[in-house]
Amino acid sequence: MNAIKGILGGIRQADQKFDFFHNGDRIMLGISGGKDSMVLAYALSLYQKFNFVNFTIVPAIIDLGFPGFDAEPIKHYLATIGLNLEVIDAKDVYKILSIQQKDKKILPCSICSRMKKAAINKAAKQLNCNKVSFAHHADDAIETLLMNEIYGGRIATFQPKMHLDKVDLDFIRPLILIRESEIIACQKECNIPSFSSHCPNEGETKRQEMKMLLSDIYKKYPISKNNFLTMLSNYSKQCLFSDDIFYKIEKIDISFKPIINNIDSLNEQKLRKQNNDFDFDPTLLRYLIYFKDQIIGYISFKNHEKNEIEIKSFYLKNKYKHKLDKIFNYIEKEICRRINPVTIKISSLSLFDIAKINGYKKAHLNGLSKTIK
């Protein structure tokens, strides 16, 4: 029973590191029928008995309408380990994907992912769950990192634990420190069945390409396998360009620094306090305004729709107000460069005068707006 002990040890290690389980949790466990979710179901049914906290597991599978879907074999196995499978009806997903597919070889994964997430969120609330558990493991996290770097131009992977404010749900990934090879060993050792997801794209996704690429890297550089996983939580050694970004307005020595770390946030809060501005929203796009190496103001943006952005707050020290017209023109120009056409809304009173000069008109909720094409 070495493999299941390894899985349980990995779950406990992740729980201690990321704080997954609390007393009274009701956790919807996302089941696909694949080896990962089936092993997680079995492991959590054991972990639940020996853990120090009391939580409830609610396994649920989303019926996306793929041809051949059959939850009965999964339901039967889970019943043997004391779990009752909930089947969530979301058959419209496949119909919509088939329409969106058009003449392409495979179904659009991005649309499927968004619709599946919405179905999961809805199901979790209907089942009175406060958390959702997924079976993503360490190799999934590394593959996602690589896909985001190659196809998305960003250094990012999914989080071990994430809170979604809109639906007030926590998402956890108890297998996050466990390798796929360990899951396969556990499946064989404990005779855990797995079933096809019946997804028409199975085996033809970008993720499969990443698996093959990483396999080649691991063969050539064996040390990279452990280092890639260590890298994801090695915050003390993190060094990227982001802390050095200052978007400069040429000729006037003004620049905008994205607020991305604790020091930036503290500097912003000090400036807000001086300005008696306590309307702080950490979800906004926020920047500090610099003159050379001195912080002289701040600005925050909110993205509403695809072609609409709102300037929520703006502050500039009086000493630098004579530069406001050039700063405003730069902000408007940069927004239009990134989004076009665009409707810019202004809620900050300190920008009303300069905005009116630049053709902004009164909009609802006492703000100003202008559409630029």
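Numbering starts at 1 and runs along the sequence shown. Reckoned from all heavy atoms, side chains included, excluding hydrogens, waters and symmetry mates.
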Hey, quick one: are [X] and [Y] part of the same hydrophobic cluster, counting side-chain heavy atoms closer than 4.5 Å, chains of contacts allowed?
X: Tyr77; Y: Val87; value: yes
X: Leu240; Y: Ile150; value: yes
X: Val53; Y: Ile57; value: yes
X: Tyr315; Y: Phe301; value: no
X: Ile327; Y: Ile309; value: yes

Kindly give the heavy-atom pair with the smallest separation between [X] and [Y], and that separation in Å.
X: Ile176; Y: Ala141; value: CD1-CB, 4.1 Å
X: Ser369; Y: Lys345; value: CB-CG, 4.0 Å
X: Leu46; Y: Phe50; value: O-CD1, 3.2 Å
X: Pro59; Y: Ile31; value: CB-CG1, 3.9 Å
X: Ser37; Y: Ser32; value: OG-N, 3.1 Å
X: Ser300; Y: Leu284; value: OG-CD1, 3.6 Å

Within a radius of less than 6.0 Å around [atom1] of [X], do more than 12 heavy atoms belonging to other residues, nucleotides or ligands occur?
X: Phe241; atom1: CZ; value: no
X: Gln16; atom1: CD; value: yes
X: His76; atom1: NE2; value: no
X: Asn340; atom1: CG; value: yes
X: Ile263; atom1: CD1; value: no
X: Asn2; atom1: CG; value: no
X: Phe52; atom1: CZ; value: no
X: Lys321; atom1: NZ; value: yes

Approximate separation, where rounding is to 0.5 Å, of [X] [atom1] and [Y] [atom2]:
X: Asn307; Y: Ile372; atom1: CG; atom2: CD1; result: 12.0 Å
X: Ser313; Y: Asp277; atom1: OG; atom2: CG; result: 6.0 Å
X: Lys370; Y: Ile346; atom1: NZ; atom2: CD1; result: 9.0 Å
X: Leu351; Y: Leu316; atom1: CG; atom2: CG; result: 9.0 Å
X: Asp325; Y: Asp353; atom1: CG; atom2: CG; result: 13.0 Å
X: Met212; Y: Asp216; atom1: CE; atom2: CG; result: 7.5 Å

Tell me yes or no: between the side chains of [X] and [Y], is some donor less than 3.5 Å from an acceptor?
X: Tyr360; Y: Glu332; result: yes
X: Asn227; Y: Tyr221; result: no
X: Thr371; Y: Thr343; result: yes
X: Lys17; Y: Ser233; result: yes

Practice problem: Walk me through it: do Asp168 and His163 pass the test side-chain contact (heavy atoms from CB on, under 4.5 Å)? | Solution: CA-CA 7 Å; Asp168 192 25; His163 182 74; 3.1 Å; yes

Look only at the side chain of [X] and the backbone of [Y], and say whether a donor-acceptor pair between them is shorter than 3.5 Å.
X: Asp70; Y: Glu72; answer: yes
X: Glu189; Y: Ile4; answer: yes
X: Lys131; Y: Phe20; answer: yes
X: Gln294; Y: Phe291; answer: no
X: Arg26; Y: Leu127; answer: yes
X: Arg179; Y: Asp139; answer: no
X: Thr144; Y: Asp140; answer: yes
X: Lys125; Y: Val167; answer: yes
X: Lys161; Y: Asp19; answer: yes
X: Gln187; Y: Lys35; answer: no

Practice problem: Just say parallel, tilted or perpendicular for the rings of Phe55 and Tyr47, cut-offs at 30° and 60°. | Solution: tilted

Quiz item: For the residue pair His136 and Phe134, does the interplanar ring angle fall in the parallel (under 30°), tilted (30 to 60°) or perpendicular (over 60°) class?
Solution: tilted

Student check: side-chain heavy atoms of [X] and [Y] closer than 4.5 Å:
X: Asn358; Y: Phe328; answer: yes
X: Leu40; Y: Pro174; answer: yes
X: Tyr287; Y: Ile245; answer: no
X: Ile289; Y: Phe256; answer: yes
X: Cys129; Y: Val132; answer: no
X: Phe21; Y: Ile11; answer: yes
X: Leu175; Y: Ile7; answer: yes
X: Tyr151; Y: Met210; answer: yes

Practice problem: Answer yes or no for Arg337 and Tyr247: cation-pi contact, defined as NZ/CZ to six-membered ring centre under 6.0 Å and angle to ring axis within 45°. | Solution: no

Quiz prompt | Residue of the set Leu146, Leu145, Leu214 for which side-chain contact (heavy atoms from CB on, under 4.5 Å) holds with Phe228 | solution = Leu214

Exercise. Could you please spell out the steps behind the side-chain contact (heavy atoms from CB on, under 4.5 Å) verdict for Ile27 and Asp170?
Key: CA-CA 9 Å; Ile27 304 171; Asp170 284 330; over 6 Å; no

Self-check item: All pairs passing salt bridge (Lys or Arg N to Asp or Glu O under 4.0 Å) where residues 220-237 contributes a residue, at least two apart
Solution: none

Exercise. Check step by step if side-chain contact (heavy atoms from CB on, under 4.5 Å) holds for Met38 and Ile74.
Key: CA-CA 9 Å; Met38 298 302 287; Ile74 302 171; 4.0 Å; yes

Exercise. Check the pair Phe69, Leu64 against side-chain contact (heavy atoms from CB on, under 4.5 Å), reporting the backbone distance first and the verdict last.
Key: CA-CA 8 Å; Phe69 174 84; Leu64 299 172; over 6 Å; no

Quiz item: Do NZ/NE/NH1/NH2 and the carboxylate oxygens of Asp281 and Lys312 come within less than 4.0 Å?
Solution: no

